[in-house]
Amino acid sequence: MKYVIIGGDAAGMSAAMQIVRGDESAEVTTLEMGEIYSYAQCGLPYVAGGVIDSFDSLIARSVDTFRNKYGIDARINHEVKAVDVEKKLVSGNGFSVSYDKLLVATGASPIVPPWDGADLQGIHSVKTIPDTKALVADLDGVSRIAVIGGGYIGLEMAENFVELGKEVTIIERGERLAGIFDKEVSEKIGEEAQKHGVSLRLNESVESFQGGSSGRVEQIVTDKGTLEADLVVVAIGVKPNTSFLEGTGIHLHENGAIKVNRFMETNIRDVYAAGDCATQYHLVKERDDYIPLGTHANKQGRLAGHAMIGAPRPFQGIVGTSIIKFFNLTLARTGLSEAEIEAQGYPFKTVTASIPHIAGYYPEPKKMDIRLSYHAESEVLLGGQIIGEAGVDKRIDVLATALYHRMRISELEDLDLAYAPPYNGVWDPIQQVARRKK
């Protein structure tokens, strides 16, 4: 059986490993457009900031490991340009490979609008190791950095630049940072940014860049004025890498992501997709969604591998869980924000409270601001958001589990959660918030 996988990172190589472990006679070929396999993209901002000392630390397995230890025909610098689903053939410049079963795991690329001057030196995005190496090499002598976009990557890059002693400005076209959070949480994120010297330019849209005679960016032009900058990072989102599938008949989501079922199958026989180029089924929204995260990519890739060797296990869906460190705060959410609930048309209520992360009498308790949203009629939990200095990660995972099992807010009180004064109060903070339901 000839298995071909397009893409050599999280989803692609998770699938490849399942195939070689489950089918001893498999011929596995992986086609990677770059030169680096299987690395942790989520760690890139922390290498840029010097928190992680080496890009090599992010590489889980080298291409030679896949070739020599696992017998995978792992190719580099092989960008697939077309797929012929009738002839079962993938091709690019100077190569073509036939397949019995195909996995598309091509990931996503940063969105960079066609702004005038976007090709000037000093304008960067952060998605791959080569991207980030170029950025790091460009930091010497730079003092003023503009980050375009106030989402997760923008916040992480801003924090790391501040830690390097740079003067940082975030330009965000929306009215607040981290728009995936409710307004009350986003406001606290903005306060934390300003507390650490980050300048915020909200409700402001980039229009173009201007440079000097050296061809390097010097100024950003927006709809509200100009901003001097020595370096720019564009972090306004990503788009699935699926344009090469045009003409295949593979069904795509409205944003270009490949539509898949629970077994990572597309609508074309023997063609699968996984990771940042594919959709994920959202359990709370009860429809396909697109939330490209490393957790989903690894799960979907693993399950694609199982399905391709005839040992299918269904993908159980996502609930929209994410977390980020931002200076002294941890920001986490799961389920739906209030705006998303309104878009779904659900009647809902939200209950909030600020509660210590450990027993209040134990030294150094830190307040967490907790928001729980639930269906006004069934009381089924719809979403949770937490922001605080400590204890956030533990609680958001409890809420994610509750959402996965479609628990009612009142049932949170019944959970048997760990308690000792250094770790918790006798009633966990999320239970205390749940008891305040209206």
Side-chain angles (χ1 to χ4, degrees), residues 10-11 14 108 152 179-182 185 240 251-255 257-267 272-304 306-307 312-324 331-351 370-386 392-412 414-415 430 433-434 437:
S14 292
Y152 276 7
I180 63 172
F181 287 89
D182 293 341
V185 177
H251 292 169
L252 303 180
H253 189 268
E254 59 187 16
N255 71 345
I258 302 166
K259 290 186 176 182
V260 294
N261 65 14
R262 298 178 71 192
F263 301 99
M264 303 298 107
E265 297 170 315
T266 71
N267 61 300
Y272 301 74
D276 290 1
C277 66
T279 57
Q280 304 89 30
Y281 184 77
H282 199 299
L283 292 169
V284 186
K285 294 180 180 179
E286 298 184 323
R287 59 178 171 83
D288 286 340
D289 205 351
Y290 183 68
I291 304 179
L293 295 174
T295 49
H296 309 331
N298 280 277
K299 289 174 189 172
Q300 287 190 314
R302 178 181 172 85
L303 294 174
H306 277 294
R313 293 174 50 189
F315 182 60
Q316 299 295 343
I318 65 171
V319 294
T321 308
S322 58
I323 190 168
I324 179 178
L331 330 172
R333 56 156 286 171
T334 188
L336 307 183
S337 66
E338 289 189 345
E340 289 173 315
I341 297 172
E342 290 173 351
Q344 289 291 114
Y346 298 149
F348 74 98
K349 296 179 181 179
T350 298
V351 59
I370 303 174
R371 300 176 63 82
L372 301 180
S373 296
Y374 58 98
H375 198 286
E377 297 169 359
S378 67
E379 295 194 350
V380 169
L381 188 67
L382 295 175
Q385 300 182 15
I386 311 176
V392 173
D393 53 341
K394 170 181 177 177
R395 276 68 187 206
I396 206 66
D397 283 343
V398 172
L399 292 175
T401 305
L403 282 165
Y404 181 87
H405 291 285
R406 296 176 172 83
M407 293 177 64
R408 297 189 302 275
I409 188 170
S410 58
E411 291 178 308
L412 295 176
D414 301 326
L415 295 176
I430 62 171
V433 178
K437 73 178 179 68

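For the numbers below, each heavy atom of this structure counts, side chains included, while hydrogens, waters and symmetry mates do not.
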In Å, rounded to the nearest 0.5 Å, how long is the span from CD1 of Ile396 to CD1 of Ile386? 4.0 Å
Test side-chain contact (heavy atoms from CB on, under 4.5 Å) on Thr279 and Asp289; report intermediate values, then the result. CA-CA 6 Å; Thr279 57; Asp289 205 351; over 6 Å; no
If we only count heavy atoms from C-beta on, is the Tyr272 to Glu265 side-chain gap below 4.5 Å? yes
For a quick test of reading the model, state the closest non-hydrogen atom pair linking Arg287 to Tyr281 and the distance between them. N-CE1, 3.4 Å
Using side-chain contact (heavy atoms from CB on, under 4.5 Å), reason through Ile318 and Leu293 one step at a time and then give a plain yes or no. CA-CA 11 Å; Ile318 65 171; Leu293 295 174; over 6 Å; no
Backbone N or O of His251 within a donor-acceptor pair of the Asn267 side chain at under 3.5 Å? yes
Closest heavy-atom pair and its distance - Leu331, Phe181: CB-CZ, 3.8 Å
Looking at side-chain heavy atoms only, is the closest gap between Tyr290 and Asp276 below 4.5 Å? yes
Atom CD1 in Ile409, atom CG in Leu381: separation rounded to 0.5 Å? 6.5 Å
Determine, step by step, whether His306 and Phe263 satisfy the side-chain contact (heavy atoms from CB on, under 4.5 Å) criterion, reporting the C-alpha distance in whole Å, the side-chain angles of both residues, the deciding distance to 0.1 Å, and the verdict. CA-CA 9 Å; His306 277 294; Phe263 301 99; over 6 Å; no
Ignoring hydrogens and angles, tell me if any N or O in the side chain of Gln300 forms a donor-acceptor pair with the backbone of Ala11 under 3.5 Å. no
Shortest non-hydrogen contact from Lys299 to Phe315? CB-CE1, 4.2 Å
Report yes if the side chains of Ile180 and Ser322 come closer than 4.5 Å at any heavy-atom pair, otherwise no. yes
Got Leu403 and Thr321 here, is their nearest side-chain heavy-atom distance under 4.5 Å? no
Is the shortest side-chain N to carboxylate O distance from Arg371 to Asp182 below 4.0 Å? yes
Side-chain contact test, heavy atoms from C-beta onward, threshold under 4.5 Å: evaluate it for Gln385 versus Glu338 and give yes or no. no
Atom of Ala274, atom of Ala304 and distance for their closest heavy-atom approach: CB-CB, 4.4 Å
Are the side chain of Gln280 and the backbone N or O of Ala278 linked by a donor-acceptor pair below 3.5 Å? yes
Side chain to side chain, Glu340 and Lys285, heavy atoms closer than 4.5 Å: yes
Could you check whether any side-chain heavy atom of Ser373 comes within less than 4.5 Å of a side-chain heavy atom of Lys349, counting everything from C-beta outward? no
Nearest heavy-atom pair of Leu372 and Gly384: which atoms, and what distance? CD2-CA, 4.2 Å
side-chain contact (heavy atoms from CB on, under 4.5 Å) for Leu412 and Leu399? Distances and angles first, verdict last. CA-CA 9 Å; Leu412 295 176; Leu399 292 175; 4.1 Å; yes
Value rounded to 0.5 Å, distance of CZ in Phe348 from CG in Leu336: 10.0 Å
Spacing of Met264 atom CE and Arg313 atom CZ [to the nearest 0.5 Å]: 12.0 Å
Here the gap from Ile324 atom CD1 to Tyr152 atom OH, rounded to the nearest 0.5 Å, amounts to 6.5 Å
I need the minimum non-hydrogen distance between Ile323 and Ala332, along with the two atoms involved. CG1-CB, 3.8 Å
Met407 side chain reached by Leu415 side chain, heavy atoms, under 4.5 Å: yes
